[in-house]
Amino acid sequence: PFLVLDREGTLVYFNERAERLIGSTPGELCPLPELEWRQRFSIERLDGSEVADEQTPSATARRERRPVHETLAYMSLDGHRRVLEVTATPLLGRGDDLEGVFLLFWEVV
């Protein structure tokens, strides 16, 4: 599963495999501003401590313009908790201008 955020953090696309994790389709949900999609999920480290919005892989990739990889627990609004490996990669344009972030997920079984 993967998703794409624009330079402001708006969710602009996710593939069919990500629909199960997100609980919706891109046609129903996108574009979804960052504040709204962050409210749909809480993110924790494996020890149960909360991940602040500015410390998520996507936020770090946008801010530092570098790839970030972490294993985190995502809790959706329906209460379903999933442990996911997450890799966030900044999408850079000319002159290293940030165009967005590509996030790749896989569920840890």
Student: With rounding to the nearest 0.5 Å, note down the distance linking CG in Leu84 to CZ in Phe41.
Tutor: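 One gets 9.0 Å once the value is rounded to the nearest 0.5 Å.
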
Student: List in chain and number order the residues that pass side chain to side chain donor-acceptor pair (under 3.5 Å) with Glu36, two or more places apart in sequence or in another chain; answer none if no residue qualifies.
Tutor: none

Student: What pairs meet the salt bridge (charged side-chain N to carboxylate O under 4.0 Å, His left out) rule with one or both residues in residues 55-64, with sequence neighbours excluded?
Tutor: Glu34-Arg62, Glu64-Arg66

Student: Taking side chain to side chain donor-acceptor pair (under 3.5 Å) as the definition, give me every residue that meets it alongside Arg82, ordered by chain and number, with sequence neighbours left out.
Tutor: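 Once residues adjacent in sequence are excluded, Arg82 has no partner under the side chain to side chain donor-acceptor pair (under 3.5 Å) criterion.
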
Student: Keeping to residues at least two apart or across chains, list the side chain to side chain donor-acceptor pair (under 3.5 Å) pairs with something in residues 88-100.
Tutor: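 Every side chain to side chain donor-acceptor pair (under 3.5 Å) pair that includes a residue of residues 88-100, provided the two are not neighbours, is Arg7-Glu99.
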
Student: Mind checking whether Leu11 and Tyr74 sit in one hydrophobic cluster, side chains of I, L, V, M, F, W, Y counted as touching below 4.5 Å?
Tutor: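 Yes; tracing contacts between hydrophobic side chains, which count when under 4.5 Å, links both residues.
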
Student: To which residues is Leu92 joined in a hydrophobic cluster, defined by side-chain heavy-atom contacts under 4.5 Å among Ile, Leu, Val, Met, Phe, Trp and Tyr, whether direct or through other members?
Tutor: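 Under the 4.5 Å side-chain rule, Leu92 groups with Leu98.
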
Student: With rounding to the nearest 0.5 Å, note down the distance linking CH2 in Trp37 to CZ in Phe14.
Tutor: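 These two atoms lie 12.0 Å from each other.
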
Student: Among residues at least two apart in sequence or on other chains, which ones pass salt bridge (charged side-chain N to carboxylate O under 4.0 Å, His left out) with Glu85?
Tutor: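 Partners of Glu85 under the salt bridge (charged side-chain N to carboxylate O under 4.0 Å, His left out) test: none.
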
Student: Do Pro26 and Glu19 touch side chain to side chain, with heavy atoms closer than 4.5 Å?
Tutor: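 Result yes, sub-4.5 Å side-chain heavy-atom pair found.
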
Student: Judged by atom type as modelled, is there a donor-acceptor pair below 3.5 Å linking the side chain of His80 to the main-chain atoms of Met75?
Tutor: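 Side chain of His80 to backbone of Met75: no pair is present.
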
Student: To which residues is Leu91 joined in a hydrophobic cluster, defined by side-chain heavy-atom contacts under 4.5 Å among Ile, Leu, Val, Met, Phe, Trp and Tyr, whether direct or through other members?
Tutor: Phe2, Val4, Val12, Tyr13, Phe102, Leu104, Trp106

Student: Who passes salt bridge (charged side-chain N to carboxylate O under 4.0 Å, His left out) against Arg81, sequence neighbours left out?
Tutor: Glu44

Student: Sequence neighbours left out, what passes salt bridge (charged side-chain N to carboxylate O under 4.0 Å, His left out) with Arg17? Give chain and number order.
Tutor: none

Student: Side chains of residues 45-56: which donor-acceptor pairs under 3.5 Å do they make with residues two or more places apart or in other chains?
Tutor:
from: Arg45; atom 1: NH1; to: Glu70; atom 2: OE1; distance (Å): 2.9
from: Asp47; atom 1: OD1; to: Ser49; atom 2: N; distance (Å): 2.8
from: Asp47; atom 1: OD1; to: Ser49; atom 2: OG; distance (Å): 2.7
from: Thr56; atom 1: OG1; to: Arg38; atom 2: NH1; distance (Å): 3.4
from: Thr56; atom 1: OG1; to: Arg38; atom 2: NH2; distance (Å): 3.1
from: Thr56; atom 1: OG1; to: Asp53; atom 2: O; distance (Å): 3.2
from: Thr56; atom 1: OG1; to: Ser58; atom 2: OG; distance (Å): 3.4
from: Thr56; atom 1: OG1; to: Ala59; atom 2: N; distance (Å): 3.3

Student: Quick check: do Asp6 and Pro31 have side-chain heavy atoms less than 4.5 Å from each other?
Tutor: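 Asp6 vs Pro31: side chains apart.
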
Student: Hey, are the side chains of Leu21 and Leu3 touching, using non-hydrogen atoms and a 4.5 Å cut-off?
Tutor: no

Student: Is Asn15 close to Pro1 at the side-chain level, that is, under 4.5 Å between some pair of heavy atoms?
Tutor: yes

